[in-house]
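In what follows, a structure is listed as structure tokens, so that the remarks can point back to it.
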Amino acid sequence: MAKLPILIVPDPRLKTKAKPVAAVDDRIRKLTDDMLETMYAAPGIGLAAPQIGLLERIIVIDVAGKGEPPAPLRLINPEITWASEDLQTAEEGCLSLPEQWAEVVRPAEVKVRYLDETGARQETHATGILATCVQHEIDHLNGVLFVDHISALRRNMILRKVQKWKKEHA
């Protein structure tokens, strides 16, 4: 496994729509392993392939809490098939916008269809933090960042802070 570099805004690949994966093969399985290693090392609870510069529809997620065993999910070509009318507000951050957080309103529950690491079709009903994380990561596959869901004033403030962070960590 390998830890991969994570793109930071304003990299244009983060605003580009990813293409579907044609087949789940050994390359995709290794990639999801590397993505999980990268996500855990960051540390984070979700990572989308565009965040590592690959415009493919792949996300990895692990929302297991502290003290719980890891529960990694590998979702290839995920798509939301249903979203609740009930909304929830959650504080979101992003590995591509380091050290920045904002309250984002999203559907409280979603159903997601995807291929797992074996290529088998799966569907899951996500609630709580998993619902938020799945929606956040699928947004990445569509070139959407969590700051695109907040006010322009707050978004611009966060983007300026990320630029300052980039200069300090260059």
Side-chain angles (χ1 to χ4, degrees), residues 1-11 13-16 18 21 27-78 80 88-110 112 114 116-117 122 124 126-150 154-155 157-170:
M1 293 203 308
K3 187 172 168 244
L4 306 166
I6 297 172
L7 302 179
I8 306 297
V9 296
D11 191 296
R13 290 170 286 186
L14 293 170
K15 299 298 284 177
T16 304
V21 172
R27 181 187 74 84
I28 298 297
R29 283 185 279 280
K30 180 179 182 334
L31 176 60
T32 61
D33 288 344
D34 291 346
M35 288 174 64
L36 282 165
E37 180 178 341
T38 302
M39 178 192 77
Y40 289 134
I45 61 170
L47 184 67
Q51 292 180 273
I52 56 165
L54 296 174
L55 297 176
E56 297 181 86
R57 297 187 76 79
I58 303 168
I59 62 177
V60 295
I61 293 172
D62 190 340
V63 296
K66 290 199 187 307
E68 294 178 355
L73 291 172
R74 297 164 171 88
L75 292 82
I76 296 119
N77 297 335
I80 294 171
Q88 68 182 3
T89 301
E91 187 175 61
E92 293 187 29
C94 181
L95 298 175
S96 294
L97 292 110
E99 301 176 8
Q100 303 305 310
W101 303 88
E103 297 283 321
V104 178
V105 178
R106 296 185 185 272
E109 300 178 49
V110 292
V112 181
Y114 62 96
D116 67 15
E117 63 273 14
Q122 302 288 340
T124 191
T127 61
I129 190 167
L130 180 58
T132 297
C133 190
V134 165
Q135 292 173 80
H136 175 113
E137 298 308 329
I138 290 175
D139 271 358
H140 275 299
L141 302 180
N142 296 319
V144 176
L145 301 172
F146 83 92
V147 292
D148 296 328
H149 294 284
I150 62 176
R154 181 87 174 105
R155 178 175 47 253
M157 188 171 69
I158 287 173
L159 294 175
R160 281 193 303 275
K161 287 180 180 179
V162 170
Q163 292 312 306
K164 182 179 176 187
W165 182 91
K166 281 176 76 169
K167 286 178 188 169
E168 291 170 357
H169 292 84

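Fair warning: this is a prediction, and the values are worked out from it, not measured in the lab.
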Find the distance between CD1 (Ile59) and CG (Leu47) and round it off to the nearest 0.5 Å.
10.0 Å
Output yes when a side-chain donor or acceptor of Gln122 lies under 3.5 Å from a complementary backbone atom of Tyr114, and no otherwise.
no
Mind jotting down which residue pairs meet the salt bridge (Lys or Arg N to Asp or Glu O under 4.0 Å) criterion with at least one end in residues 95-104? Sequence neighbours excluded, please.
none
Using side-chain heavy atoms (C-beta onward) and a distance below 4.5 Å, is Asp148 in contact with Arg155?
yes
Between Leu95 and Pro43, what is the shortest heavy-atom contact and its length?
CD2-O, 3.7 Å
Scanning both residues in full, the closest heavy-atom pair of Tyr40 with Pro70 reads OH-CB, 4.0 Å
Do Val144 and His149 have side-chain heavy atoms sitting under 4.5 Å apart?
yes
Side chains of Leu31 and Glu56, heavy atoms from C-beta outward: is any pair under 4.5 Å?
yes
Charged N to carboxylate O below 4.0 Å: is that the case for Asp34 and Lys30?
yes
Do Ile158 and Ile150 touch side chain to side chain, with heavy atoms closer than 4.5 Å?
yes
pair Met39-Leu36: side-chain heavy atoms closer than 4.5 Å:
yes
Please enumerate all residues that pass ring-ring contact (aromatic ring centres under 6.0 Å, His included) together with Trp101, with sequence neighbours excluded.
none
Checking Lys166 side chain against Val9 main chain: does a donor-acceptor pair fall under 3.5 Å?
yes
For Pro69 against Ala64, the heavy-atom pair lying closest together
O-CB, 3.3 Å
Heavy atoms of Cys94 and Gln51 approach each other most closely as SG-NE2, 3.6 Å
Would a 4.5 Å heavy-atom cut-off, applied to side chains only, mark Pro78 and Val134 as touching?
no
Side chains of Lys15 and Leu145: does their closest heavy-atom pair fall under 4.5 Å?
yes
Only pairs at least two apart or in different chains count here, so list each salt bridge (Lys or Arg N to Asp or Glu O under 4.0 Å) that has a residue in residues 57-71.
none
Test item: Gln100 and Val147 side chains (from C-beta on) under 4.5 Å apart, heavy atoms:
no
Does the plane of the ring in His136 sit parallel, tilted or perpendicular to the ring in His140? Use 30° and 60° as the thresholds.
perpendicular
What closest approach, in Å, do Gln163 and Pro10 show between heavy atoms, and which atom pair accounts for it?
NE2-CD, 3.3 Å
Check whether any side-chain N or O of Gln88 sits under 3.5 Å from a backbone N or O of Gly128 as a donor-acceptor pair, and report yes or no.
yes
Thr132 and Glu92: side chain donor to acceptor below 3.5 Å:
no
Tell me if a side-chain donor or acceptor on Arg13 pairs with a main-chain N or O of Pro50 at a distance below 3.5 Å.
no
Nearest heavy-atom contact between Leu14 and Leu7 is CD1-O, 4.1 Å
